[in-house]
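Only one structure is covered here, and it is reproduced in the block below.
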Amino acid sequence: MDREIVLTLPDGSERRFPAGVTPLEVARTVGERLAKAAVAGELDGSLVDLRAPLTRSGRFRILTAQDPEAGPVIRHSAEHVMADAVERLFPGTIIDAGRQDHSEKFQYDFRFPRGFTPEDLERIEAEMARIVAAGQEFTREVVSREQARELFRARGEELKLVRLEDIPQGEEITVFRHGEFVDLCRGPHVQRTDQIGAFKLLETSGAYFKGDERNEMLQRIYGTAFASRAELDAYFARLEEARRRDHRRLGKELDLFSFSPLAPASAFFHPRGAFVYNRLVDFMRELYREYGYEEVITPQLFDVELWKRSGHYEAYRENMFFSEVEGREFSMKPMNCPSHCLIYSTRSRSYRELPLRLADFGRLHRFERSGVVQGLTRVRTFAQDDAHIYCTPAQIGSEVERLFQFIFRVYQTFGFSQPIIYLSTKPEKAIGDDALWQSAESQLQRCLEERGVAYTLNPGEGAFYGPKIDFVVHDAIGREWQLGTIQLDFNLPERFALTYVAEDGTEKRPVMIHRAILGSIERFFGVMLEHFAGDLPLWLAPEQVRVLPVSDRFLEAARAVRERLVAAGIRAEVDERSEKLGAKIRDGEVEKVPVLLVVGAREAESGTASVRVRHRGDLGAKPVDAIVATVTTATLQRSLDPWPEAS
RNA sequence: GCCAACGUAGCUCAGCCGGUAGAGCAAGUGAUUCGUAAUCACUAGGUCCGCGGUUCGAAUCCGCGCGUUGGCUCCA
């Protein structure tokens, strides 16, 4: 370790300090006011506690509550304050540990004899407010393992003792205190509790100790905290926006789909919803022709023998529906892959046929535990834009590359421009031997690296038959959704003894690539709806244009305009209600019809209609022919803008 | 499956300490014939999720079941 370190400050200046200097000491050399306002240090982009000694050189700055990066520090500190409040109000509560949510929430788990009630949360909040107002100082202490054990044993914190044992030997153990409260913690924390500007407890839930369902269930409390009241309010405004965009709400409001307790976690698509659903499928079918896929149709119900052969019975059983007929056990298909293997093996295959790309929109049934289902994004029956590519090992690279192009093209059409990519490797419950797995994993990794795309490794998250690359998109409010997937599989071809005759006349084993681009049509529908906040682009909108007569006297003129639109293949309706124009416009906007056409005396006379584009107001009268042309072009181009001409 | 909350008209929701159900929107009917985000009036609409219990009496209290929501675990 150097005896001296060099810190490069935000203004570019380089300052020398003895190794072991703390960020707080550095802040004091800049100014007492900065030192007072400081909540954390940042060295080369990572947060460091103000009291933790700095041992290496780098780019350094002091964060105050004003910096957005300080949020996690404030929330982490609020987390300790919450645990403190709970212990003060409910003596005997055993604390486990807090954690930052990936969003802007913090949480803390407790061993508590019952669930926390909303009234408890109110009391805890009030207690927290007192602790915050007291401005108690956070202190950091490095302790030996034995000291830590002694400390938590004396406090009766059994769960902390377990956590302590999970810290690897040789790692520094630190505890943080404020007031009477002590927690095993790496930090960083703010200096004083009153630097927690605004906080709110949000909800409670059960949570397994260490996230393992074989362990005891603890009681978790979620909350959030920000530097200021204004930021806290902004957080709730974001939640409100999320609720407004919730696909379950939009689906109901726009009469797209519904659910019934008589078919739990299974969507009913109404005429409008089914229309959109079918447009998504049509879109994929159209691209399938271009990308060389052939569609197949396969059964729903299979003798379990099939699933025993494929390995699903072994590794996927708890997600399958079973039934018995004539003493034979059957199961609904949860995946299409075995069917496609059966098709493949109906005759001998030549290398000349490969890659063979079999696509299937077949309905799948997967049993999902009742607590995990959610709207369209997690259902028990759905269809995927599924396909299996049978190819030679040498073709893997080019097939995966082709898939990347295909996937990016599809996502761009919806405005999902930057998918996040994960590489998931062999899970605990897997079939096939390690050598096959390693080969498959390294090939996928090579494809990613050759393409030069950024990806994150997700160890142990692969499918049971092979590793996979997953594509996750952000919706407009930043939530992550997994859609597309590319899965490499050497196992099923083995299990189904698939072969092809190679150029040299010998029999070889093909490789199988499982892939979906939209993922499940249901989930994609939900995510897309949220992404668009219900404002579907023209090519997907069930009702593209609505003609609004100014009064009943112009009904005939409005119908005539509609006829011309319909003749041109445009989906148009007339609002025939005897309402005022303002009401018709309002309803058209609320129902998110992309284009409203107003027809009154002026328009009827001149063969025009006044165009009103969704959320964009009146664009003035235009000839009906021109309207037809604009709508038709935007539809064919799958434009995200319902009226490209206007931009 | 586990933890918690919730389930009242088609939708959003009110209904205190148990006394027999209400609003707005939507729907239907009528009037109005209207120029860029809500015209007016009237009418109809309820196994208060289901089953059981406590009680003279349950939408309200208790238990069980189902479903939904937010988490946990899981996942396209």
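The basis for the numbers below is simple: all heavy atoms, side chains too, and nothing from hydrogens, waters or symmetry mates. Lettering of chains follows the sequences in order, A, B, ..., and the numbering in each one begins at 1.
- Ring pair His76(A)/His80(A) is perpendicular by interplanar angle, where above 60° counts as perpendicular and below 30° as parallel.
- Whole-Å rounding puts the Glu603(A) CD to rC34(B) P distance at 14 Å.
- In this structure, Gly582(A) reaches the sugar-phosphate backbone alone: every heavy-atom distance under 4.0 Å involves primed, P, OP1 or OP2 atoms, never a base.
- Atom pair Glu122(A):CD and rA5(B):C1' shows a separation of 15 Å (rounding to whole Å applied).
- The side chain of Arg553(A) places an N or O atom within less than 4.0 Å of a non-bridging phosphate oxygen (OP1 or OP2) of rC34(B).
- Rounded to a whole Å, the CZ atom of Phe259(A) is 9 Å from the P atom of rU68(B).
- Computed from coordinates, the Phe367(A) CZ to rG1(B) C1' distance equals 8 Å when rounded to whole Å.
- Considering only side-chain atoms of Tyr222(A), the nucleotide from rC75(B), rG1(B), rG71(B) that sits closest is rG71(B).
- Distance Gln219(A) CD to rC72(B) C1': 11 Å, rounded to the nearest Å.
- Considering only the side chain of Val598(A), rG35(B) comes nearest among rG70(B), rC75(B), rG35(B).
- A straight line from CG of Leu555(A) to P of rC34(B) spans 13 Å, rounded to a whole angstrom.
- Phosphate proximity of rG70(B) to Gln374(A): present, with a side-chain N or O under 4.0 Å from OP1 or OP2.
- For Lys105(A) and rG70(B), the shortest distance from a side-chain N or O to OP1 or OP2 is not below 4.0 Å.
- Side-chain proximity of Val379(A) to the nucleotides rA4(B), rA76(B), rC74(B) is greatest for rA76(B).
- Remark: the Ser610(A) side chain and the Glu603(A) side chain contain an N/O donor-acceptor pair separated by less than 3.5 Å.
- For rG70(B), the OP1/OP2 oxygens have a side-chain nitrogen or oxygen of Arg248(A) closer than 4.0 Å.
- Taking only side-chain nitrogens and oxygens, Lys252(A) comes nearer than 4.0 Å to OP1 or OP2 of rU12(B).
- When each of rC34(B), rU73(B), rG71(B) is scored by its nearest atom to the side-chain atoms of Ser205(A), the top-ranked nucleotide is rG71(B).
- The nucleotide rG50(B) finds its pairing partner in rC64(B), both defining distances of the Watson-Crick or G-U wobble pair being shorter than 3.5 Å.
- Judged by ring centres under 5.5 Å apart and planes tilted less than 30 degrees, Phe382(A) stacks against the six-membered base ring of rA76(B).
- Note on Ala516(A): nothing from the nucleic acid sits closer than 4.0 angstrom, heavy atoms only.
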Check your understanding: Would Arg378(A) and Arg523(A) satisfy side chain to side chain contact (heavy atoms under 4.5 Å, CB included), going step by step from the backbone distance to the final call?
Key -> CA-CA 7 Å; Arg378(A) 192 80 185 276; Arg523(A) 174 176 289 181; 3.9 Å; yes
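- Taking atom CZ on Arg378(A) and atom P on rG1(B), their separation rounds to 13 Å, with Å as the unit.
- Remark: C1' of rC2(B) and CZ of Arg369(A) are 8 Å apart, rounded to the nearest angstrom.
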